[in-house]
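Structure first, then comments.
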Amino acid sequence: MLIGTNPFSKYSEKNPLLLSSLIKIKDNYIIYPTSLPVSLRHNILSSIVKFNEKKTFIKNYQDTLWQDILLNLENKLHFKKFDYELPEWENTIFRDEVFKIDNDKLAYCILINDNLKNYINKPLEINLKYKTKLKNRINLVTSNLLNSDELINDILIVLFVGMSGRSVYEEKLIHGNLLLINCEEFNIMINSGNYDSLTLFKFANLLENTDIKGSSFLEEFSFYIENDYSFYVKDKFDLLVLLPEYAKQLRIKAIKDKDHHLERYGDEMLSVYKISEFMYVAWHNLFLIKLTNQNIWIGCENDSKSNIAKAIGYWIWQFGDELKIDLNPLNDSPLFISISVEEHTNPDANIEITPEIKENLITSSYTSENEIKFKISKNLIHIAKHENNEADRLLMNEILKLMGNLLEKNSLENTLTEAHRLEIINEKIPLGLKKQILIYTPENINTPVKSQIRLLQKHNIQLTRDGLVDKVPGEFDYNQKLTKDQSHKLSHQIVDYYLDCIKEEIIKYDWENLIQKLILNYENILFSRYFTTFNNVYYFNNYDNTPDILKDIVYDEHELDKMGLPTRFLIEILSAEQNFNSNVKISTNSFDHLMGLSYNLIEWGFASDYIYSEYVDYEIIPLESSRFGIETNIEDIIDTFRTNRTLEHITNLSRNILLEKKSMEKPSDETEDAFKSEFGINLTDYYNFMSVLINMAVDDEKDIVFISKSNLIDVLKDKLGWGSDKSVQAIEKFSLKCRNKWEKAPEGFDGNDIYPWVFRRPLSYYLRPLIIKNDDDETVIYGFRNVYHSCLNLNHQIFKGLYKINKNSSDEFKSFISKMLDAKGKEFNETVFKWFKNNLDTSEFYLEPNVQIDKIVNEEPKYGDIDVLLLDKNKKRLFSIECKNIESAKNPRQIFQEIEKFFNKKEWIKKHERRDEWIKDNLDKLGESMGCNLKDYKVFSIFIVSQELPIIYLKDTPIDIIPFSHIINNGINILNKYK
């Protein structure tokens, strides 16, 4: 019998395996593994009934089950108890509670517990007479809830069934939105992943309308999860019956990932489960590290100190090989560590960290034969603010010292001497970025958002793809690939369809409530990006298994990215179209649905660009299941690029995080004038404007600011001394406002300035952080984090020469952008040259920048310059290096523009090939101009680019394109392949 099967389906009361899982055949014993829990449970329950302990057992068992259910519902699924007094009922085998799971949705949860009636005679069958009473109870409660003063549109009914070995019902109760869940399977589900308050509701809704059936909740839920939160299958069918083993993977995942079991803690047994590769948790502030021969418990005074306890646990795990030797004389006795931290209300941020402070990091301590208690100085917080890991090193030295004291308390040799401690710490915690004690000290602009982030939900992405074939115009031949023209036309039709759906959806809700929810979620995305970037640098440097760590980081960052663009797009639509009359506040479920529509619209916008391109295989196939199948090679390519780009980003941050930050220089007059010619105010005014907006929010502790235009003008006059005209111009220039139809670009702009699949759009929430509401006060709305980030974005685009100029841009601004682009290129050329100069042995290599071949040829410019010429004297190799300071493409259109630059529009590759050919044919002339003998040198031409680029993975190139990060990470050895 496979894991995941019903353990009772093959048994009857006469089956001997019910009583014993051992079968004796002559002198051999055969064990039937799947019958072990069945026979064990049966013998326990039979004994309970036999010795007349049934009543006590049923009560205790029910209390335990209900306590676990409530704990999981509230802590893991984030159900919130609803203020409703349930009617009393006399049936003691039932327990129930009502929870709120969304603005307009409740969950009514009921535990049904077997009373073991007639168990001895019928151990596998139960015939309760409570079915009618239970139905009446459900009808009474749901009727009361739906008729209450609160707006309740949906109620999920969840029947939890206690495991006694007997099935309570052979079929589910007849109710529209009901789940029957075995308590054991509920625990498996909880431990198999991270779910939210709507997971069961969405699953139940989808399950009701599908022709997929399993014999248990877990089989159906496993299919749903493994199928990307969907019951979609490619082919049509009348009924798909799930095999029992469908739940196998979810069971294994729950057991493997959590390893839920009992451990002895003093005189009691505690339930623990795994929260990381090395750590178990019993409750929020009690953790367990299992060394080879030692259990080490770490407790802290409250939840707020748990991160320090976890950090200590990490280092003890890292010291495991050494500590198992030093602590071995304790003979496997468990060790108990209890920590507390001095109160640090309003700490002095400018305190000088003296040697005395470092020496007194532990302010008090107590050591017994098996316990260590200590209090950590509040100054740890100040030391831990530094980017390096000095706080970790100092603290762990003190803890190792206390462990040595514990050995002495046991009359054992203290092997943890100062020299040995230093040896352990220098090996396992070398000074740098291998850091666990992360004290998050945000600037004002990076304070956490007061509301929870809502990421994109796979369920809603999948749901909004169902039936798409039937929802767009045209007739299709199922399972036949569409032509390129058909596919391109279809992609536009699908974009239009999703846009119509979005517009129909948003008018159902209160405009201000919806825009506020979208802005708050985007503020959360911005904060999360900052916070995860901060953490990931250290997370990456803490572990040796970097591929798995990198995979986690890539996934988390991509989840934020996937939510960012659809959120910005919806904000831009709501900014343009504001004529709503509804007062309905959007629910979380409806918000998820709206985000699913937005995400799919953008994905089909991207698809249109892929289809149009000649560089990607992208084919669309209408399927009988009423979905469109996609066959493409682009996803694997982009995944590879994304992983390498993330690795590059983290290694760059790791390399630079300890460097001193440069202060911003005052803008030059040329910069001020150029900026003013485009935006109406100069750059300094722009910085001051953004600063006022941010400070208004921070001072009032608001994530989002609502302020009338006239009041904002008064604030700018008070803070900056601006006149009304200047203030109005600044507000208008950096605002999105009503224009009735989103798809109709305002005067001076076109479709490429509004389409969300086009990047660096001047008319975007990315660069225009203010929204002007179409009301009498012209209310200005903004999230202050986006104000800050839009300032960074605009600054970056202008000074990297990336800002998208338009027909209204002044000649002065166009000239300035061109100048910035040239400066960016020269700066990168110098960076590459300096790296080679600082990392090469001049006795073996010769290096020269900016070798002007056209001057050697004395002809019209044709070959350009060699940005960096590198001679390997020993191996007689000449490298002609073309440097390109180019930013990674972030969407399909940019990818293809990137390819065009290399192959067509700017012909970078052809130009480099012409130069390569000239060098090979004219080594004597080149050598003569350099004063070198280049006879017998082999010539190799390469590009060195400033970042990882998709083109590297998407298209074969006749000349290698090497990211500069590869040169930095691998050194000159990266050129060894050129022979």
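In this chain, numbering begins with 1 at the start of the sequence shown.
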request  = Kindly state each residue pair satisfying salt bridge (charged side-chain N to carboxylate O under 4.0 Å, His left out) with at least one member in residues 429-438, sequence neighbours excluded.
outcome  = none
All pairs passing salt bridge (charged side-chain N to carboxylate O under 4.0 Å, His left out) where residues 639-648 contributes a residue, at least two apart = Asp639-Arg642, Arg645-Glu648
Could you check whether [Y] and [X], counting side-chain N and O atoms only, form a donor-acceptor pair closer than 3.5 Å?
X      : Y      : value
Asn644 : Tyr953 : yes
Tyr273 : Asn191 : no
Tyr539 : Asp552 : yes
Ser654 : Asn541 : yes
Asn795 : Tyr687 : yes
Arg421 : Asn397 : yes
His284 : Asn302 : no
Tyr522 : Arg568 : yes

Between the side chain of [X] and the main-chain N/O of [Y], is any donor-acceptor distance below 3.5 Å?
X      : Y      : value
Tyr538 : Asn388 : no
Asn285 : Lys305 : no
Asn786 : Tyr782 : no

message = Between the side chains of Glu882 and Lys884, is the shortest nitrogen-to-carboxylate-oxygen separation below 4.0 Å, so that they form an ion pair?
response = yes
ask   = Who passes side chain to side chain donor-acceptor pair (under 3.5 Å) against Glu887, sequence neighbours left out?
value = His796
